[in-house]
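Reviewing the structure listed below.
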Amino acid sequence: MPKIQFYPLDVTYKVKDNKAVIFVFGRAADGKTICVIDDSFHPYFWVLLRKGESIEKFRKYAEGLSEKKDNDLLKVEKTEVKGKKFLGDDVEAVKIIVNQPAAVVHFREMLGKRKEVSHVLEADIQFARRYLIDKKITPALLHEVEGEETIERVKCDYIIKAAKIEHVSDDTLKPKTLAFDIETYNPEGKNILPDKYPIVMVSLYGERFKKVITWKRFKTKHDYIEFVDGEADLIRRFKEEVGSYNPDILVGYYSDGFDFPYMKTRAEKYKIDLDLGWDHSSIKLGRGRNEAVEITGMVHVDIFRFIKFVMGGSLDTDYYDLSSVAEELLGDKKIEVELDGLADAWDNHHERLEPYCEYNLHDSLLAFKLCDKVLPNILELVKVVSLPLFDTVRMSFSQLVEWYLLKEAPGFNVLAPNRPEHDSIKERIEKRFKGAFVFEPKPGMYKDIAVFDFRSLYPTIIASHNISPATLNAKCPENERDYAPVEGKKVWFCRNPKEFLPRMIKELITRRLRVKEILKSKKDKMLEARSYSLKILANAFYGYLGFYASRWYSFESAEAVTAWGRFYIQQVIKKAQDNGFEVLYSDTDSIFLSLEGKKRDDALRFVEKINMELPELMELEFEGFYPRGIFVSAKVTGYGAKKKYALLADDDSIKIRGFELVRRNWSLIAKEVQEKVINIILREEDIDKAMDYVKEVVNDLRSNKIGLNKVIIHTQLTKEIDAYEQYGPHVAVADRMKKQGIPVGPGTTIEYVIIAGKEKIRDRARLPGEVSQKDYDPDYYIDNQVIPGVEKLFEVLGRDIAEETESKEQSKLQSFFAKKKK
DNA sequence: GAGCATCGGGG
DNA sequence: GTGTACGATGCTC
C-alpha cells in the first residue's frame, strides 16, 4: 500500500450508515493538501460497578443492547474488561464499545441509572479528540499514513483511506499563514451594526502576498488594491483569494468576535455561502459565549484570544487592542487614521480612501506577524496536549492542563474523573483557602538589594511532595507520609508510589529544564518560547487543582500547595535573618534582601546553603542584584505597599512595578514627572535634584509653559452619554462633541483639557482644539495630576512635596486667606 | 462591601 | 458534536 508523510492539522468526523468516519485534514510533506479517512475507530466509554456486583452478568446484559432512535441505530458492539487506576484505586473497568458517538450519549445515561453501576467514566470526551489520543497523533508533527486512494467530496490533493497512521518524528510543520481584516462602513462610531452597514474593504496578507479588495474606485499608486463592483463581489473575491492561497492557518485579530461574524451576516444578505471548509462546509459560528469560528480543515486562529489568554501574563500592556499588543510584541503600531472619517470619505470623497486601504492592509500585516511571533508557543502547547491548533489556541490554562492529563492518562492506565455536576460546582466555588505569603515592605529607599526567587515554586512543591487527589490522606505507613503545614488540619500525601498528576508536572518541569540547559549555550527564540509555554503550563497545575470545574479537583491539595509555599518562603526569610540579612520584601516566591554590611558573595553562599536543604526539584534562584531600590507606602493603610516598587538594576535599567505610569487617564506631564523622579532618585540619588525638577515643572505649569499636548487627558467612554449618572469631565466633553456634530458613543476615547476658572471641574473641561496653551488650569494639573504621582515617592524619602512646592493645601489656604481679605 | 451585570476585542 | 468555557471591572443596593 502507498505511504504518504504528512502533518495533521484538523480532525472531524461524519456519521455514515450508523458508523463514525474520521477525517484527518493536513498538509502532506510535499506541500499538497491531504485528507485521511479512517472508519475503523469505535466510540467507547468506561463503567465501574459497585462492590460485589458481577461483572460478567453486567457484560451479558450490556452486550445485547440496541436501540432505534429516529433513523439512527444505537448499539453496543462489545464490551471488554481491563484493570485500571481510578483516583489511586485499582479497579476492574468495563469498556463499553458502541457503534457511533450518539450511542455514547444514549447508553451512558441508560447504564448510569442502573443500581449495580457506580461510575460512568470518560463518556464526554469528544470523538475526534479521543481518536487523536488513542492513535497517538499529535497535530503539526510529521506522520505517515498507509492506505489506498479513495473518493470523497473534499478539497484535497490526496484523499487516502487509512489502514495505518503513525507518528514519524517531531519534525514540525512550518505552516503557510494568511492574515485578513475587514473595514466596515460605520457612521455611528463604536456602535457596530452588521445588519445595516456594509463591509467596505478587506485585506489579505501572507508570505510575499498582499491584497486589498474594495468597491469604490479612486486613483492609487498601490497595485495591491483591487476594485470590484460591490460588497457581494468583495465577499466572493475574498473567498476565491483564500481558496487559491490555500493557507494552513487563516488568522485574524478578534476574527472570532468581529470579522467572521460580520462577514457571515453580510454574506447571508446576498445568499453567498461562506463554504471555506475543505469539505465544502460553511464557516461555523460559535453560539453564545463561545465565539469561536470554525472552518473544517483550515485552521482559523483568532490571535487576539491566544495572546490575551495565554501570553497575557507576560505582557506589560493593560489593553489588548491590536495596536497596544503589536507595539509590545512587534514594536510596530497600527497606522493612525481618522476612522470616524471613513464613512464620509466612502460617501463623498473617494480620493481620501487610499490611506484607509493602507491602514486595512497594515492590520492584516500585524495579525500575520503576531501569529508568526507566537507560533512557537502555540506549537509547543499543541505538542503537549495533542489537540488541533484550532482548539489549542482557544483554550484556557485549566483546559490545557486538563487535556494534557487526559492525553497522558491512558499511558498510565488511569481513568479520568468526571467533570463536576452543577451542585458540586456551586459548593466548590464557595470554598476558599489561604493564599500566598506577603512580607510587607517598610517604605523607604534601599541600597544594594539582592533578589532571589523559587524556580516554579508551586509546580515543584506538587512534584516533590507527590500532591494529588490520589495520594491525599491515602493509606500508607506513617513514615511514608508527608504532612502538609496546613493550619488546624491533618493533611498528608503518601510519598509512594509517585502518582500520575505529580509525575505529569515533573515531566513538564524536567522538559523545561532540558530546554533551558540548551538555551544556556545558545540564544534561540523558538526554545525560549518552548520554555515559556512549559513554564506557564506547569504553573497552571496549582490553579487547576483548585479550579471548580476541574476533573482532578482537590481542594485539600491546592490548600496544601500554598501552605507549603508559605512554609518554604518563610523558612528562607527566617534563615536569611538568622544569617544577618535584612529582609526588605517578599511575595509568594521571591525574597528581597538588603546587602548592607554584606557582600554579594555572602548572599550567593547563603542561597547555596538553602538549596542543599531543599527537596530535589526545588530551587531558590538568583534573580539579580540591584544597587538601589525604593518601596512606597500603600495609599490606604499607609503601611508597606504590596507590589509597588522601583529597582535600579546592575545594567542600569530600571524595573518599575505597580506604579501608575501607564494609566491611560493620566496626562503626559504626570507620567513624565513620575518617570523622571524615579530615575533621578534611583540613578543619581539626588533628592534635591528631583525636588527641584518637580518645582520647575510646577512653575512651568503655573506660567503655562508646558505644551498643551502634555496636559491632555484621555478617557474612554464606556457607555452612552445619557447613561452616565456621574457627569464627569470626560462625559461633559463628550456632550460638547456631540453638540458639535462629532459622533461619540461607547468606546470613543475622549481627549480633554481642564481650563482655569472657579466652576466645577466638569464645567471647565474642553476639547484640546477649543483652547490654547494659556488656557489650561495650572492648579488642577499640579494638584490632581503631577503631585499625586510623586507624592509617595517623596514621602518615603522624608520630604513633603505638596508643602515644598506650595501646592494643594498651601494654595487652598492662600486662596482662603485671599478670599477672607476681600 | 457584597452581588450582579457587562465588557473585553472589533469599525 | 461523547461539549463547555473566563475574569476583571463597574454599578447598584
Side-chain angles (χ1 to χ4, degrees), chain A residues 11-15 20 42-46 74 96 98 100-109 120-131 181-194 196-201 252-263 284 286-292 294 296 302-305 307-310 312 318-325 334 337-343 346 356 359-360 363 367 391 394-400 402-403 418-420 425 543 547-550 716 718-719 723-726 743 745-748:
Chain A
V11 196
T12 187
Y13 74 91
K14 296 182 197 315
V15 175
H42 288 281
Y44 66 88
F45 59 97
W46 300 91
L74 308 174
I96 311 285
V98 299
Q100 61 168 310
V104 171
V105 179
H106 179 76
F107 292 116
R108 73 176 175 206
E109 230 159 274
V120 174
L121 297 170
E122 300 192 3
D124 58 352
I125 293 173
Q126 300 88 302
F127 186 57
R129 291 182 182 180
R130 175 95 270 172
Y131 178 81
D181 178 54
I182 64 168
E183 304 302 322
T184 65
Y185 183 84
N186 236 316
E188 302 185 35
K190 262 278 182 182
N191 211 359
I192 289 168
L193 302 162
K196 208 163 156 191
Y197 300 120
I199 297 171
V200 294
M201 50 189 74
Y253 199 85
Y254 200 49
S255 41
D256 272 351
F258 177 72
D259 300 78
F260 267 135
Y262 203 106
M263 194 184 285
K284 284 184 277 296
R287 302 177 306 274
R289 268 194 304 276
N290 171 16
E291 292 188 311
E294 193 170 6
T296 304
D302 181 345
I303 203 64
F304 153 73
R305 270 176 87 135
I307 288 176
K308 178 162 181 196
F309 295 110
V310 177
D318 288 336
Y319 303 97
Y320 288 88
D321 57 283
L322 178 55
S323 210
S324 312
V325 168
K334 276 172 84 113
V337 294
E338 195 57 58
L339 215 42
D340 287 331
L342 173 56
W346 187 255
Y356 292 104
Y359 166 89
N360 183 214
D363 276 5
D391 301 288
R394 287 173 178 76
M395 282 186 165
S396 62
F397 284 126
S398 57
Q399 285 172 303
L400 287 167
E402 188 148 288
W403 280 98
N418 286 326
R419 335 165 61 103
I425 287 183
F547 174 52
Y548 60 83
S550 303
Q716 210 176 32
T718 52
K719 49 190 182 182
Y724 278 92
E725 302 239 324
Q726 286 275 340
T748 314

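Numbered from 1 within each chain, the chains take letters A, B, ... in sequence-line order.
Residue A/Lys334 places at least one side-chain N or O under 4.0 Å from the OP1 or OP2 atom of B/dG11. Taking only side-chain nitrogens and oxygens, A/Tyr548 comes nearer than 4.0 Å to OP1 or OP2 of C/dC6.
Rounded to a whole Å, the CG atom of A/Asn418 is 12 Å from the P atom of C/dT4. Straight-line distance from the CZ atom of A/Phe304 to the P atom of B/dG11: 12 Å, rounded to whole Å.
Nucleic acid contact class of A/Asn360 (heavy atoms, under 4.0 Å, all strands): none. Here A/Ser396 lies out of heavy-atom contact (under 4.0 Å) with every strand. In this structure, A/Asp181 reaches the sugar-phosphate backbone alone: every heavy-atom distance under 4.0 Å involves primed, P, OP1 or OP2 atoms, never a base.
Checked by distance alone, A/Asp340 brings a side-chain donor or acceptor within 3.5 Å of a matching partner on the base of B/dG11. Donor-acceptor pairing under 3.5 Å, judged by distance alone, is present between the side chain of A/Tyr254 and the base of B/dG9.
Taking the C1' atoms as reference points, B/dG9 lies 15 Å from C/dG7, given to the whole Å. Here, C/dT4 and B/dG11 have their P atoms 33 Å apart, quoted to the whole Å.
You'll find that the side chain of A/Phe309 is closest to C/dC6, out of C/dC6, B/dG11, B/dG10.
Side chains of A/Asp321 and A/Ser323: a donor-acceptor N/O pair is absent below 3.5 angstrom, by distance only.
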